[in-house]
Amino acid sequence: MASTTPVFDALRSALDDARPVAFATVIEGPHTGAKLLVEPDREPLGSLGDPDLDRVVARDALGELESGLTTTRHYGEHGEARERTVGVFVESFAPPPRMVIFGAVDFTAALATAGKLLGYHVTVCDARGVFATPLRFPMADLVVNEWPDRHLAEIGHRLGGRDAVCVLTHDHKFDVPAIVAALATDVGYLGAMGSRRTHAARVWRLREAGVGDTGLARVMAPIGLDIGSRTPEEAAISVCAEIIALRTGRTAVPSLRDGTGPIHQ
Amino acid sequence: MKEILAEVDRWRAAGHRIAIARVVAVEGSGPRDPGATMAVNDAGEVAGSVSGGCVEGAVVEEALAVLRGEHPRAVVTFGYSDDEAFAVGLTCGGTVHLFVEPLDW
């Protein structure tokens, strides 16, 4: 027998599997109560009563889902913008994006705190157990004592466009394998700390390790936007702003990577 | 939504009819954000919450009225925005809009 609640069942299966899903309900206008369930890379389930409205809402809902927003949007009966006949409540069920920080350095706590502020699930990973302790990083969701590449081998398949990897290790021994392993994932943001000179040396080592131009182009290094940050907290904001800008495709302020001047003036 | 699923399963297995109330908008200060969900079964049992306890009683009444077919599925509003129309207020002074509907989708 067919389910009497197909939309609810599909929603619950997505929630059970922790798959990102947007759930749209008409809460005012014709077809009040109609539903559309939208998942990335799947055909939407249900209908809001008009194919054009379905198409527009599915598009908007995916955008809301990407930002993890839950809001009411208004449309015309056929999905027209700037009309208010139909109110659609779009609920986003998105697992929090992940921020994986390699290197338990001075700057790590500030970046982990800023990451939490933005709603990230934050992992601090450092092979040196003395430095990476939950006591030093109480704001992190997870503190892992492991080599970066080994940790990425474990979790890398779960990283996607909304996630970020920040390599702060400052040590070729750790950061080259970390970057190489991160490049093998679909992570949306990959930043690496260090001066321009450090990074030039690192690029040479990355090439030695087989990383090509496409891979190198994914690496945001020196890390962060050129906003003149000085303290660890300010630098954390500059990194987070760069992560947001990269995700949204904006370039509000030049990234340090794209300049040649000194990082600190 | 997640916190009501287990209870909803039990109720459905027991043959209950269920209404779902979701916060769709909050004006001013409100204890729960849009998306907060409460489920009510036809025996008046409740899972989840939509406020700090200020409007839950009224939401149960509304949910039962929707299940009995006396009220349409619709947005209902509780708060201080209209003292005449709404007897139930939020202690925080905010206004909360809820969409209440039977679980038939």
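Computed from a predicted structure; not experimentally measured. No hydrogens, no waters, no symmetry mates; every other heavy atom, side chains included, goes into these values.
Residues A:R12 and B:V8 fail the side-chain proximity criterion, which asks for heavy atoms closer than 4.5 Å. Using a 4.5 Å cut-off on side-chain heavy atoms (C-beta onward), A:L15 and B:L5 make contact.
With values rounded to the nearest 0.5 angstrom, A:E28 atom CD is found 10.0 Å from B:H97 atom NE2. Summarising the geometry, atom CD1 belonging to A:I27 is positioned 10.0 Å from atom CG belonging to B:L98; distances are rounded to the nearest 0.5 Å. Rounding to the nearest 0.5 Å gives a distance of 3.5 Å between OG1 of A:T25 and CZ of B:R22. Here the OG1 atom belonging to A:T5 is positioned 3.5 Å from the CZ atom belonging to B:R12, to the nearest 0.5 angstrom.
Within 6.0 Å of CZ on B:R68 lie more than 12 heavy atoms contributed by other residues, nucleotides or ligands. By the neighbour-count criterion of 12 heavy atoms within 6.0 Å, atom CD of A:E43 is sparsely surrounded, having that number or fewer from other residues, nucleotides or ligands.
Ring geometry for B:W105 versus A:F8: interplanar angle over 60°, hence perpendicular rather than tilted (30 to 60°).
Heavy-atom distances place the backbone of A:V26, and not its side chain, under 4.5 Å from chain B. For B:L103, the parts lying near chain A are the backbone and the side chain together; criterion is any non-hydrogen pair under 4.5 Å. With a 4.5 angstrom heavy-atom cutoff, B:V23 touches chain A only via backbone atoms.
The two residues A:F89 and B:P34 make their nearest non-hydrogen contact at CE1-CB, 4.1 Å.
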